[in-house]
Amino acid sequence: MDLRWLDAPDEDVRRELPTVPEHEPPPWVPTRRRLLVRLNAVIEVWTLFIVVFNTGLDVDIRGDGTLEADDVRTLVITLVVAIVWTAASIALWRWSRKASTPVRLRRARRALTARANEFRAEAWWRDSFPAIVTAHSAGVREYPRFVGEGIEFGTVRLRMPRTRPRSYVCVSLASPLPHLVLDAVENDGVRSGLPENLAERQRISLEGDFDRIFRAYAPRGYARDALYVLTPDVMAVLADHARAFDVEIVEDRAVFFRAERRRWDDPALWREVDAILTHVAPRLRQRSLRYTDERVAGQVAVEIAESLASGSGVIAWRPDAPMVGPGGRQLRSWTPRHGWWANVRVVSSFMVGTAVYGIPVFLGVVTLLGMFDGR
């Protein structure tokens, strides 16, 4: 890959800024400026509520239900402060949408690197491919995300706080393959680095030292098919160039992923993607081109008798739309997305938002109405 822009001098990157589209992070990507906007909004809402509530409390303590001059003056000053503060908050919100110069340069570096290698930057608000790394009831977000012909890579995040982002590489294959998962030993922590738990009875053993690098899983009855895909040369390139990544083959895609703390202005990340695209993806595409699931009616490999009769040799036949049998399409697995924990988090987030913004606004309006109604 052409990585010159990642280490280019700042002056060179600044000159290219007009040619690079300004890709503002999607609203769901947290930044320091956006956090400052939210903090300001919380302080404003609660400050105004406390002032209004205290004024209403003073009116109630007097017991006559009337507004005196001091009360009116306090409310007028509060209204003026609210207008000025809201205008300042709008200005702060507009400022938060503009990245600082260092951030703009960092985004420009990765955008220029993507363009130099014929990729385009496209954030996505939901999963763009089916895989265990994108399958979660809370939803996922893909940013940054770089897309090319039959290729995409970037960072995927769950739509929940305190979850680990994962870097990923997704490549298209020539035809569908059975659902296979390779759990990399190198990226394990206390437990497996996979986002899903796989049934242990689906684990298969492969040749040589490969079992010490990856734990391989295949649907029951598809172990031989897995061996057809994971030939010794495929296992060798996986061990050499993707041993730090978990690998999932699902339908007509191969997905490489792992928990990631580095950003995409790090040249090492791009080199790892380049190694996968250069050495691993072509081997998997070649194996998928030759695979057919003979359990599916009409997909048994045959030889065309006419070619033998004519002396032109044997022609291998392939179906127009290859497919994998139902038993090989999905590994048995389970995750929190199949339970109640994700729903608890969604409800909790809604309740916190209501408590922070809704309660002070509602009580403030009720207090004002009570004061002006004389009660």
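Please read these numbers as outputs of a predicted model, since none were measured by experiment. Both backbone and side-chain heavy atoms feed into the values below; hydrogens, waters and symmetry mates do not.
- In the hydrophobic cluster analysis, where Ile, Leu, Val, Met, Phe, Trp and Tyr join through side-chain heavy atoms closer than 4.5 angstrom, I132 is grouped together with V255.
- Interatomic distance, CE of M1 versus CZ of R271, reported as 11.5 Å (0.5 Å rounding).
- Distance CG/L48 to OG1/T86: 7.0 Å, rounded to 0.5 Å.
- Here the closest heavy-atom approach between residue A123 and residue Y143 is recorded as CB-CD1, 3.5 Å.
- Each of R243, R215, R258 was checked for a salt bridge (Lys or Arg N to Asp or Glu O under 4.0 Å) with E186, and the lone residue meeting it is R243.
- A salt bridge links D10 with R109: the distance from a Lys NZ or Arg NE/NH1/NH2 to an Asp or Glu carboxylate oxygen falls below 4.0 Å.
- Considering only heavy atoms from C-beta on, I151 comes within 4.5 Å of L277 through its side chain.
- Looking only at atom types and distance, the side chain of E260 has no donor-acceptor partner in the side chain of T155 under 3.5 Å away.
- With hydrogens and angles ignored, the 3.5 Å screen pairs a side-chain donor or acceptor of Y228 with a backbone N or O of R290.
- Side-chain contact between V185 and F214 is absent, with no heavy-atom pair separated by less than 4.5 Å.
- Applying the 6.0 Å contact sphere to CZ of R220 captures no more than 12 heavy atoms from other residues, nucleotides or ligands.
- Contact detail for L206 and D211: the closest heavy-atom pair is N-OD1, 3.1 Å.
- Between W270 and W264, the ring planes are perpendicular. Angles over 60° get that label, and only those under 30° would be called parallel.
- Looking only at distances, a side-chain donor or acceptor of T134 sits under 3.5 Å from a matching main-chain atom of A131.
- Between the side chains of E272 and H241, not a single donor N or O lies within less than 3.5 Å of an accepting N or O.
- Remark: the Y291 side chain and the D225 side chain contain an N/O donor-acceptor pair separated by less than 3.5 Å.
- No continuous path of hydrophobic side-chain contacts links V45 to V51 [ILVMFWY only; heavy atoms under 4.5 Å].
- Although no hydrogens or angles enter the test, the distance criterion places no donor-acceptor pair under 3.5 Å between the side chain of E16 and the main chain of L112.
- Residues L182 and D246 fail the side-chain proximity criterion, which asks for heavy atoms closer than 4.5 Å.
- Within the 4.5 Å cutoff, the side chain of V13 has heavy atoms near those of the W5 side chain.
- Formation of a donor-acceptor pair under 3.5 Å by the D7 side chain with backbone atoms of L3 is not found in this model.
- Atom CG of D252 is separated from atom OG of S175 by 8.0 Å, given to the nearest 0.5 angstrom.
- Side chains of D240 and H279 form no contact here, defined as non-hydrogen atoms less than 4.5 Å apart.
- The two residues A226 and I204 make their nearest non-hydrogen contact at CB-CD1, 3.5 Å.
- Considering only heavy atoms from C-beta on, V280 comes within 4.5 Å of L238 through its side chain.
- Taking a cutoff of 4.0 Å between a charged side-chain nitrogen and a carboxylate oxygen, R253 and E152 do not qualify as a salt bridge.
- Residues F129 and Y168 bring their aromatic ring centres within 6.0 Å.
- Salt bridge D209/R212: present, at least one basic N to carboxylate O contact under 4.0 Å.
- No donor-acceptor pair closer than 3.5 Å links the side chain of W85 to the backbone N or O of E44.
- F53 has its ring centre no less than 6.0 Å from the ring centre of W46.
- Formation of a donor-acceptor pair under 3.5 Å by the R329 side chain with backbone atoms of E251 is not found in this model.
- Aromatic ring centroids of F119 and F153 lie under 6.0 Å apart.
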